[in-house]
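Input: a single structure, listed below in structure tokens.
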2 protein chains.
Amino acid sequence: MIHLSSSNKNAISPTRANDFPGWYQEVVKSAELAEMAHVRGCMVIKPWGYGLWERIRDLLDVEIKSRGHENAYFPMFIPLSYIQQEAQHVEGFAKEMAVVTHHRLEQRDGALVPGGKLDEPIVVRPTSEAIIGASMSQWIQSYRDLPLLLNQWANVVRWEMRPRVFLRTSEFLWQEGHTAHASSQEAMEETMEMFRVYETFARDKLAIPVISGEKSQTERFPGADRSFSIEAMMQDGKALQAGTSHYLGQNFAKSASIKFLDSQGELKFAFTTSWGVSTRLIGALIMAHGDDDGIRLPPTIAPSQIVIVPISREETTQAAVLDYAKHIKQLLEQAVFSDEALRVRLDDRPIKSVDKKWQWIKKGVPIVIEVGMRDIESNSVSVRSRLSIGETDNVGIDALAPMIENELVRIQSTLFKDARDFLDDHILCDNLSFESASSYLASGKGFLLAKWCGSSVCEVGFRDQGATLRCLPSSLEATGSTCVVCSSPASQDAIFAQSY
Amino acid sequence: MIHLSSSNKNAISPTRANDFPGWYQEVVKSAELAEMAHVRGCMVIKPWGYGLWERIRDLLDVEIKSRGHENAYFPMFIPLSYIQQEAQHVEGFAKEMAVVTHHRLEQRDGALVPGGKLDEPIVVRPTSEAIIGASMSQWIQSYRDLPLLLNQWANVVRWEMRPRVFLRTSEFLWQEGHTAHASSQEAMEETMEMFRVYETFARDKLAIPVISGEKSQTERFPGADRSFSIEAMMQDGKALQAGTSHYLGQNFAKSASIKFLDSQGELKFAFTTSWGVSTRLIGALIMAHGDDDGIRLPPTIAPSQIVIVPISREETTQAAVLDYAKHIKQLLEQAVFSDEALRVRLDDRPIKSVDKKWQWIKKGVPIVIEVGMRDIESNSVSVRSRLSIGETDNVGIDALAPMIENELVRIQSTLFKDARDFLDDHILCDNLSFESASSYLASGKGFLLAKWCGSSVCEVGFRDQGATLRCLPSSLEATGSTCVVCSSPASQDAIFAQSY
């Protein structure tokens, strides 16, 4: 075991402790995950960041399809009249959206100007209930057409005044499931099933523990009868809503006229659901697992799990070292993690190997393997785990594959355990007075688990502290028996926190 | 071998011979591939159609990545000023695009109206050279940053006045590759490499033979120095441009300022390429392989290759038949086609089995397997191939997997051979007079292979016949030695045809 001191100049500056938002921006930048574009509030997702999204998509898609959902694609443009229909019905409808009013650019005095005014403006989808509902109303005639289980992977737009990369951008990528059912019970089961899928996905794939529970009324999706969310904790103690599942009752079915003949020949409105996760999950990965050297990726999600860096200063040995590196790559590609062949990358770019090493550390690759002439001679390699970047392990080739498989398992479970411990340590569930609770929540250092009386006034009782009721957790119980806000008898358990 | 007569009422009406465009619309509808949406020129891609796109994406993505390209995602919104920059530079710039002028919907007199006017209008990408070029100009500093090999899977918008589902829609899905290189030669090699990838992909995966060649000047992508396309023949004899690859020289590098320091320290403009295929490939699949009973899908691309339909009229036997069907499904999922496990679907919906059968025939599933009580007793199944839907083969379970594997291979190669024969039979390469050539092209019944003198006047010589110069084929030679339009000496070989 060789100990190398981590060079400060290569670490992320500022540190998490000094300036968490600044640290986040710097990690996004130096891990080459994304950058804000010149277009207001939009981001460019760079290959490493997009690779994370591809992994999320591929893994989650399996779960979605295995439950009978089919992918489809609906227009990104929604006629204003559809929105109007929904807006009448839904209070609190989000109105910040991109509005298309013209369909042509024309030259006028040498400059391009909008031309071809549309009869009816159209908006770019902020979500697709309206447009998918229009199709559902045509596709569904009888109970035999139900359940209708759809999903789409798409871009959506919500104009953002204060954008933050991955967390809040005008355009983002997501998955949105939309289903229609013959009964309330079945729609509710679907809502809960996908809610559990998200919870399990966050835990097992992203290595992020979450608090899952129902949303209170003010935090519900506009138009939903019930909303459920998984709430992850970032390392600054703030909550990040990482996925939502909505039971829409008959609300959207009524505004989009989704009706069916039941088995008795009676015409009824369907019961619908919707559920989604987005590219903000990448923000969650960064803020849940990153350290002061960059992001740390769970092996399940890492686009490359192992990067091999050939080291040879002399030209005469370069070919031999490269061949050896290729050999190691082939060897490892036979190994397996989580039922998939390992994803191994050989980095033979003509830049300094120390720079490469630091780039991959910042990018959070679980394992970096360095190989040089001495390794060839000893039939071994140097293995550096993202869990302890100051150390390398010299491992003989025969023992390499099983050692790497074990280390990947250890990294996945350690990241989860670290995040789990952090979460446990940052949920306060003492029976606090309103004043103490207020000052704790104002600090933004963690979640408050407390009793809530259920009133809409107390629901927003910590608004001045910048904290909201995140969810009513299904598996946590607060101490005490009185509402943390009004002190009247209370039986519901609530999580209050500042959030992203 | 049992012969069943194909019932006319289930076939597609009109037939290809009677009304090809009408047949196409009916296939798209009855195979549940897609439908036009209420939004002007946009389409809803239904699950079966989207399944085709997913297969195209997954198979092509492997080819793209294996050549060193990385997927990324760029904003869908492009500031007007970027387009302005490009428009000055590029004549013939397409101007039909969706223009976003507002970022809010406001309530006024009870109606929603656009509000929050943008300082600068933005357009929804019709293609992404401009926005990706802006990033490339920041990311590229020196020759060490080259080549930069990017690709994205995205939606794009080109406002269409005369939309046709899959072929010409205002919004469509595509893949667009964008690369930057240090030398002209390297960029040209990239252009040709991806051109060959498309050609091979069409042939080996879509079972569609293509004529590949360079575009003439008027048919080039605006701003490209050289454009190459693969041209497929539809069963009405018209051409469909199925993929393009462009060598952009330094044109876009100059308008987007993509510069690099070469190894001698000299500042130079990069050389760029772009290449893409879109959801119109689904239109190509339909019109290349469909028959009067629906679409016929190459097994490589079929979302499900085999559908199992359990048949049991009596309730007492339903459970046994369903179990048997499940057993057959498991058995077949162990089998392999084209290095992948078979994609098998069990259709246990509560509708008549004869309706199911016809649905799957119209949807082009390569093989439908029917199982009933008699099959359980004889330990066999009834196999119906999409190549001969009026026949079923009774196959014992032991022989089933190899039989199915062989039949899939036969279907894939037969579809290709049929399309290849049709193409060969519909390329006219007699040394025709201009008048004869004109009347042939006006009929729209096939391609004309003829000599062309290279002049821009003769290039558009068949405009009145609705035919254009599709490409200069690299592997076909026309008879004669004089231009089919002007009769002057000519050495270039050209394909003229009507096209989609």
Side-chain angles (χ1 to χ4, degrees), chain A residues 35 37-40 42-47 49-51 53-54 70-80 83-84 87 95-107 111-116 118 121-124 131 134-135 144 150 152 154-155 157 159 170-171 173 349-351, chain B residues 35 37-40 42-47 49-51 53-54 70-80 83-84 87 95-107 111-116 118 121-124 131 134-135 144 150 152 154-155 157 159 170-171 173 349-351:
Chain A
E35 60 193 30
H38 291 285
V39 194
R40 174 92 207 153
C42 290
M43 64 178 160
V44 174
I45 308 180
K46 300 176 84 169
Y50 195 76
W53 184 241
E54 286 184 311
E70 295 189 299
N71 285 340
Y73 188 78
F74 292 84
M76 65 177 302
F77 292 133
I78 306 179
L80 189 56
I83 306 280
Q84 176 79 41
K95 292 182 190 72
E96 291 297 329
M97 35 187 122
V99 188
V100 178
T101 54
H102 295 73
H103 66 81
R104 188 180 300 141
L105 287 181
E106 293 175 353
Q107 292 271 4
L112 288 175
V113 295
L118 296 173
I122 50 184
V123 303
V124 180
I131 195 96
S135 285
R144 286 198 183 82
L150 298 171
Q152 84 174 355
N155 53 346
V157 172
W159 210 259
S170 292
E171 181 190 14
L173 305 181
R349 291 173 300 162
I351 60 171
Chain B
E35 60 192 32
H38 291 284
V39 194
R40 173 91 207 153
C42 289
M43 63 178 162
V44 174
I45 308 180
K46 300 176 86 169
Y50 195 77
W53 183 241
E54 285 184 311
E70 294 189 301
N71 285 341
Y73 188 79
F74 293 83
M76 65 174 303
F77 292 134
I78 307 179
L80 189 56
I83 306 281
Q84 177 78 40
K95 293 181 190 69
E96 290 296 329
M97 36 187 123
V99 188
V100 177
T101 54
H102 296 72
H103 67 80
R104 188 180 301 139
L105 287 181
E106 292 175 355
Q107 293 271 5
L112 289 175
V113 295
L118 297 173
I122 51 184
V123 303
V124 180
I131 196 95
S135 284
R144 286 197 183 83
L150 298 172
Q152 84 174 355
N155 53 347
V157 171
W159 209 259
S170 291
E171 180 190 16
L173 305 181
R349 290 173 300 161
I351 59 171

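Computed from a predicted model, the values in this text were never measured in an experiment. Each chain gets a letter, A, B and so on, in the order the sequences are listed, and its residues count up from 1.
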Between [X] and chain B, with a heavy-atom cut-off of 4.5 Å, which part of the residue counts as in contact: side chain, backbone, both or neither?
X	result
A/A111	both
A/I122	side chain
A/M43	backbone
A/P350	backbone

In terms of heavy-atom pairs under 4.5 Å, which option from [options] contacts chain A the most?
options	answer
B/L150, B/L173, B/V123	B/L173
B/Q152, B/R349, B/H38, B/R104	B/R104
B/E171, B/E106, B/R144, B/H102	B/E171

Indicate the atoms forming the closest heavy-atom contact of [X] with [Y], along with that distance.
X	Y	result
A/I83	B/L112	CG2-CD1, 3.7 Å
B/I45	A/A72	O-CB, 3.3 Å
A/F77	B/V39	O-CG2, 3.1 Å

(request) For the residue pair B/E35 and A/S135, establish whether any side-chain heavy-atom pair is separated by less than 4.5 Å. (result)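 A side-chain contact under 4.5 Å exists here.
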(message) Classify the ring geometry of A/W159 against B/H103: parallel below 30°, tilted from 30° to 60°, perpendicular beyond 60°.
(response)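 Parallel: the ring planes of A/W159 and B/H103 meet at under 30°.
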(message) Nearest 0.5 Å, please: how far is CG in A/N155 from CG in B/N155?
(response)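 Rounded to the nearest 0.5 Å, the CG-CG separation comes out at 4.0 Å.
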Counting heavy-atom pairs closer than 4.5 Å to chain B, which one of [options] comes out on top?
options	result
A/C42, A/A37, A/A98	A/A98
A/K46, A/E70, A/M76	A/M76
A/G115, A/P47, A/G49, A/G51	A/P47
A/W53, A/Y73, A/Y50	A/Y73
A/V99, A/I351, A/T101	A/V99

(request) Using the test salt bridge (Lys or Arg N to Asp or Glu O under 4.0 Å), find all partners of A/E54 that sit at least two apart in sequence or belong to another chain. (result)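 B/K65.
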(request) List for me each residue that meets salt bridge (Lys or Arg N to Asp or Glu O under 4.0 Å) alongside A/R40, sequence neighbours excluded, and say none if there are none. (result)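 By the salt bridge (Lys or Arg N to Asp or Glu O under 4.0 Å) rule, A/R40 matches no residue at all.
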